[in-house]
Each structure stands twice: as structure tokens, then as C-alpha cells.
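Every number for a ligand or one of its atoms is a count from 1 in the order of the listing.
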Amino acid sequence: MFITKTFISTSIALALACLSLPSTSSASPLEGLATRSPKVKVYHTCSVSGSAALTFDDGPYKWHDQLVNELNKKGAKGSFFLNGNNYGCIYDYAEQIRDTYNSGHLLGSHTWSHADITQLSRRDLHTELSKVETAFKKILGVKPLYFRPPFGNINTEAREVLAERGYQGAFLWDQDSGDSVGKSISYSDKIYRKTSNTFPTPHLVLNHETYKTTVKDVVPQALPELQRQGYSLVTATECLDLGDDSGSWYEHVGGREERNDSWQC
Ligand SMILES: [Zn+2]
């Protein structure tokens, strides 16, 4: 009797499993593929209460050190989304990048040439990402796992390519300091000063390390102002609870090198 019951229930389970198959295969083959392809997650804001993440794009560039020193002095962490060859060549800033990495700031990819990734073929996007990954490997011995899309442009195809390459997240932002579109220092100051009254909290702020005023004027004022408001200034990964151990922000691949002839932009 027991055996019969078991047999019957097993048969029912198998029958149900078979019945469930057509429901997943009823979509067209292309739709099925789109649904199954993993896509990188896109984040627009922080989730950890009381945290803020200042992010800096388009570097490395000549004020990188000064910016990192300013963050270190204030006990704040920053997130840097680096290009390979934009304002500067990534290989020319290897020592600065190593210092930034060792100080516990987040380093992510922003493509090799600051390309609009929604305009690239899959192959060209792979190349844009691969060249930055190679530079990270040579300089740091790691592969970046976090990404910011240039111009904030990202689509399904790009999210699939990022997921294929192992990326864990793409960060957008909820506040823009406006430095890249020529906003004044006082405009950027307001973004930070008014945070507690005007803007949703916590937040993820877009800045660029390639503007002198951002590095020399805006950030030195913003850091103490945000701290006065009670914010904890952390990396984008920490403000989203994606890991407070920097070991999880990268894939450790080894192969860190001393400068050689292959370090070319
Ligand atoms: Zn950019």
C-alpha cells in the first residue's frame, strides 16, 4: 500500500513536471532566449540608510591624487569609474591607481574610450570592456566587477554582454553635480547642501574627476557638509549593501606587472 502511494505521488509529480514544460516553451525561441539571458543589474540609488556614495567618472586624470588625498583626509570613500584612454592613458597613472585601490576606494570600468555602449556591436562592446580589464589586470591583478555606462546609456544587449563577462552591477545615479555640463560651483554645492531637504536619501552622486573645480572646490566643501548632515560616505558597492569587503568588488586574476612595452593606450 505504501509503495503504491509513493508510486502514485511520484507519477503525479512527474506528470506535473511534464505538464509544466510547454508553458516555458510556448514563447517563440527568440523570446525564450531573451528571458533566459542573464542581464547585469542596474542601480540608480543607494539602499543603505544614512549612506551616500560620491562617484567620479572619466579618469584617471591629473587631479586624481589630489582628489583621493581629499577623500582620505576626511575618512570618506569614493568610487572611480575609469576609462582606459580618455582624458589620460590609464597606464600612465598606474601608481596612483594602485594607491587608490590600496586606500579602499572602489575602482570600476567606464569603457576604454568612453563609448556610448548602446551604439556598439556586441563584438565592439566586448573589446571596449576587455581592454580595460587587461589594464586592471596588469596594474592591479584584478578584473573589475562594477561598471558605469558612459552618458548613462545602457540597453538590454549591453546588460547581457556585461553579465556574460561576469560584471555584478552597473551604477547610474540619482543626483548629478552637473560638472560635465558646465554647471557652476555654487550649483554643485547646492546639490550637496540641500540633500537633506530637497533630495531623496540616501543617494548616489555623479561627479567627474576631470574638472579642476570638482576636485579643488566642490568636493572639499561637499565632504564636511555631508558628514555634518550625518552621512556615512562609502563606496557605491557599500551604499547598496553589495559587500563591504573590497575583496568582493573584483575578481582576483593575478598577473600584476611592472611597466613594460605592452602598457600602451
Ligand atoms: Zn563619463
Side-chain angles (χ1 to χ4, degrees), residues 40-46 52-68 71 77-93 96-97 100-101 105-120 124-136 139 144-155 157-159 161-162 165 167-185 187-188 191 203-216 218-219 222 235-237 239-240 249 265:
V40 80
K41 284 187 182 167
V42 178
Y43 298 100
H44 295 80
T45 190
C46 297
L54 270 58
T55 66
F56 302 96
D57 292 3
D58 293 6
Y61 195 43
K62 57 187 175 184
W63 298 297
H64 186 85
D65 269 359
Q66 190 173 343
L67 177 55
V68 171
L71 291 163
K77 294 285 187 274
S79 303
F80 295 84
F81 296 99
L82 303 181
N83 289 127
N85 191 16
N86 187 12
Y87 283 78
C89 169
I90 194 167
Y91 290 114
D92 294 339
Y93 291 87
Q96 292 94 321
I97 290 168
T100 305
Y101 175 86
H105 305 283
L106 173 68
L107 295 165
S109 172
H110 194 45
T111 74
W112 181 258
S113 67
H114 206 271
D116 179 345
I117 59 173
T118 63
Q119 302 300 310
L120 299 179
D124 287 347
L125 177 52
H126 275 292
T127 302
E128 281 280 336
L129 297 168
S130 159
K131 288 170 78 174
V132 175
E133 290 161 17
T134 298
F136 268 62
I139 296 168
L145 294 179
Y146 291 94
F147 177 80
R148 168 165 280 152
F151 313 104
N153 291 345
I154 192 162
N155 59 13
E157 199 168 34
R159 289 176 61 200
V161 170
L162 285 159
R165 299 191 72 82
Y167 285 83
Q168 300 296 304
F171 298 111
L172 294 177
W173 56 86
D174 58 15
Q175 295 299 332
D176 180 352
S177 70
D179 55 2
S180 69
V181 292
K183 295 287 188 187
S184 64
I185 295 170
Y187 174 90
S188 299
I191 293 288
H203 64 288
L204 190 54
V205 189
L206 173 67
N207 303 269
H208 297 79
E209 63 167 284
T210 51
Y211 293 92
K212 192 175 172 183
T213 48
T214 295
V215 176
K216 293 181 188 271
V218 175
V219 170
T235 62
T237 37
C239 94
L240 275 149
W249 305 342
C265 281

Original post:
Using a distance threshold of 2.8 Å, what protein N/O/S atoms lie below it relative to the Zn ion (ligand 1)?
Top reply: Asp58 OD1, His110 NE2, His114 NE2
**OP:** Answer with yes or no after comparing the ring centroid distance for Trp173 and Phe171 against a 6.0 Å cut-off, counting only values under it.
**Re:** no
Original post:
Is a side-chain donor or acceptor of Ser177 paired with a backbone partner of Leu206 at a separation under 3.5 angstrom?
Top reply: yes
Original post:
Is the closest side-chain heavy-atom distance between Tyr93 and Asp65 below 4.5 Å?
Top reply: no
Original post:
So how far is it from Leu54 CG to Phe80 CZ, rounded to the nearest 0.5 Å?
Top reply: 9.5 Å
Subject >> Gap separating the CG atom of Leu107 from the OH atom of Tyr146, nearest 0.5 angstrom >> reply: 13.5 Å
Subject >> Interatomic spacing from OG in Ser188 to OH in Tyr211 - rounded to 0.5 Å >> reply: 11.0 Å
